[in-house]
Number of protein chains: 2
Amino acid sequence: MKIGALAKAAHTPIETIRYYERVGLLSGAARSQGNYRIYDETHLERLSFIRHCRGLDMTLDEIRALLRFKDSPHENCAEVDELIDAHIGHVAVRIKELKNLERQLKALRLACGEARESGRCGILTELSAAARDERAARPVKPGHVHGAHHPL
Amino acid sequence: MKIGALAKAAHTPIETIRYYERVGLLSGAARSQGNYRIYDETHLERLSFIRHCRGLDMTLDEIRALLRFKDSPHENCAEVDELIDAHIGHVAVRIKELKNLERQLKALRLACGEARESGRCGILTELSAAARDERAARPVKPGHVHGAHHPL
DNA sequence: GCTTGACTCTGGAGTGGCTACAGGGTTTTC
DNA sequence: GAAAACCCTGTAGCCACTCCAGAGTCAAGC
């Protein structure tokens, strides 16, 4: 199986496959006479595993850790459990943050029910006021779960 | 006010302030004799506005659009309303995705209640099975709100 | 007046996880 | 045997920063 076939089978862009190879997630495949990468079922399985985990929003580092355990089936899997627990934690934190955000944004939206001059737009004046108030108070802390705009 | 003072007042790293200048969000400040950036209250206000909007997970492009309206207070603010509505949409989508994710992860976690050999770890075998099933089915669509791991 | 230390400057590289070329080589199909 | 489809490497770009090196500037203390 050449890279294009693997890409189709795993619903993954070719460039991404080569990228995974470059960063050491998908071991370098055998090469054909013409220097084409040649894959088999085990590669497809591994790539699907990676893509599924990415779909679960794990980082490549987290996935790398999981793959290490998959590759050495006689180690103790306690760390796997920890990793998943930690990841669940990250997701839960992010959900809370986003819900909070949603609340704020909806309140903000109510400040300007109709179109008018920007100078009198409730949203803009609210944002300015909130920024002013904030200045007096707290700094902001980062988490590990992404913001509101995500690629994939 | 020099950049350090502005940074403190707006709870923002110095490098970020220079970055905002570079990308045209914060207009280039006046310079002192020794080429130091000199800021005043209006800069502080604008920077706080930007940081507050970033805290609401808006992209710099979205913020740029808001600033344009702030700068021309006689335009109609209908676009501002649209922008916020769209952003609320993005956040709502992401919340849904993350909740779904959380459900999946929790189910996954139950698959391995205790530590044992990786080869028999319920989590790993579940992930592999899920990846296998997925292969048969759908490709994945991206949204515009970030994943589970975010900086700030 | 001179040193120390805190502050600032520019420019460049690195982060994650891809994505999109450009400029070539190989294989398949007609 | 030519055209189309596929593949290769290497590089640059995306976002929103963050960190660094190496140099210049400024205020305080001795």
Side-chain angles (χ1 to χ4, degrees), chain A residues 1-26 28-39 47 50-65 87 90 139-152, chain B residues 1-26 28-39 47 50-64 90 139-152:
Chain A
M1 172 164 46
K2 282 183 290 183
I3 200 169
L6 178 64
K8 243 179 211 155
H11 311 293
T12 302
I14 289 175
E15 286 91 348
T16 302
I17 297 175
R18 288 198 281 245
Y19 169 75
Y20 288 160
E21 180 181 325
R22 211 164 50 247
V23 300
L25 271 176
L26 205 58
R31 296 299 183 114
S32 76
Q33 202 115 30
N35 198 33
Y36 285 11
R37 289 172 181 82
I38 301 297
Y39 298 96
L47 179 55
I50 294 169
R51 294 303 281 179
H52 180 72
C53 290
R54 282 293 297 137
L56 294 174
D57 250 335
M58 296 182 202
T59 63
L60 295 190
D61 269 350
E62 286 171 332
I63 296 169
R64 223 184 304 271
H87 187 54
H90 305 149
V140 194
K141 270 280 111 95
H144 133 91
V145 175
H146 284 298
H149 313 85
H150 86 149
L152 232 193
Chain B
M1 177 164 42
K2 283 183 289 182
I3 200 168
L6 178 64
K8 239 178 214 159
H11 312 291
T12 303
I14 289 175
E15 286 91 350
T16 303
I17 297 175
R18 288 198 281 245
Y19 170 74
Y20 287 161
E21 180 181 325
R22 211 164 49 246
V23 300
L25 271 177
L26 205 57
R31 296 301 181 111
S32 75
Q33 201 115 31
N35 199 31
Y36 285 10
R37 289 172 181 83
I38 301 298
Y39 298 96
L47 178 55
I50 295 169
R51 294 303 280 180
H52 180 71
C53 291
R54 282 294 297 137
L56 294 174
D57 250 335
M58 297 182 201
T59 63
L60 295 191
D61 269 350
E62 287 171 331
I63 297 170
R64 223 185 302 272
H90 305 149
V140 194
K141 269 280 113 88
H144 130 92
V145 176
H146 284 296
H149 311 87
H150 85 151
L152 233 197

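Throughout, a chain's letter reflects where its sequence line sits, starting with A, and its residues are numbered from 1. Here the structure is a predicted model, which is why all the values come from computation and not from measurement.
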Holding to side-chain contact (heavy atoms from CB on, under 4.5 Å), I want the full list of residues that pass it with [X], two or more places apart in sequence or in another chain.
X     : value
A:A65 : A:R68, A:L83
A:K2  : A:Y36, A:I38
B:D61 : B:T59, B:R64

Please give the angle, rounded to 10 degrees, between the axes at the start and the end of the helix from C:dG1-D:dC30 to C:dC30-D:dG1, where five pairs define each axis.
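About 20°, once rounded to a multiple of 10°.
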Residues forming a side-chain hydrogen bond (donor to acceptor under 3.5 Å, both in side chains) with B:E15, sequence neighbours excluded:
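Expected list: none.
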By side-chain hydrogen bond (donor to acceptor under 3.5 Å, both in side chains) - contacts of B:R18 (at least two apart)
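In terms of side-chain hydrogen bond (donor to acceptor under 3.5 Å, both in side chains), with neighbours along the sequence ignored, B:R18 is linked to no residue.
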Name all residues meeting the ring-ring contact (aromatic ring centres under 6.0 Å, His included) criterion together with A:Y39; count only those two or more places apart in sequence or in a different chain, and write none if there are none.
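By the ring-ring contact (aromatic ring centres under 6.0 Å, His included) rule, A:Y39 matches A:H43.
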With sequence neighbours excluded, tell me which residues meet ring-ring contact (aromatic ring centres under 6.0 Å, His included) with B:Y20.
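B:Y20 satisfies ring-ring contact (aromatic ring centres under 6.0 Å, His included) with no other residue.
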Set of residues satisfying salt bridge (charged side-chain N to carboxylate O under 4.0 Å, His left out) with respect to A:R22, sequence neighbours excluded
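A:R22 satisfies salt bridge (charged side-chain N to carboxylate O under 4.0 Å, His left out) with no other residue.
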For residues 29-38 of chain B, pull every pair meeting salt bridge (Lys or Arg N to Asp or Glu O under 4.0 Å), keeping only residues two or more places apart or in separate chains.
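The answer is B:E21-B:R31, B:E21-B:R37.
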Side-chain N or O of B:R31 less than 4.0 angstrom from OP1 or OP2 on C:dT8?
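No, because none of the side-chain N or O atoms of B:R31 sits under 4.0 Å from OP1 or OP2 of C:dT8.
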Protein and nucleotides 26-30 of chain C: nitrogen or oxygen contacts under 3.5 angstrom:
residue : atom : partner : partner atom : Å
C:dT26  : O4'  : A:Y36   : OH           : 3.4
C:dT26  : O2   : A:Y36   : OH           : 3.4
C:dT27  : OP1  : A:G34   : N            : 3.2

Per the under-4.0 Å heavy-atom filter, residues of residues 13-26 of chain A near DNA chain C come out as A:P13, A:E15, A:T16, A:Y19, A:Y20
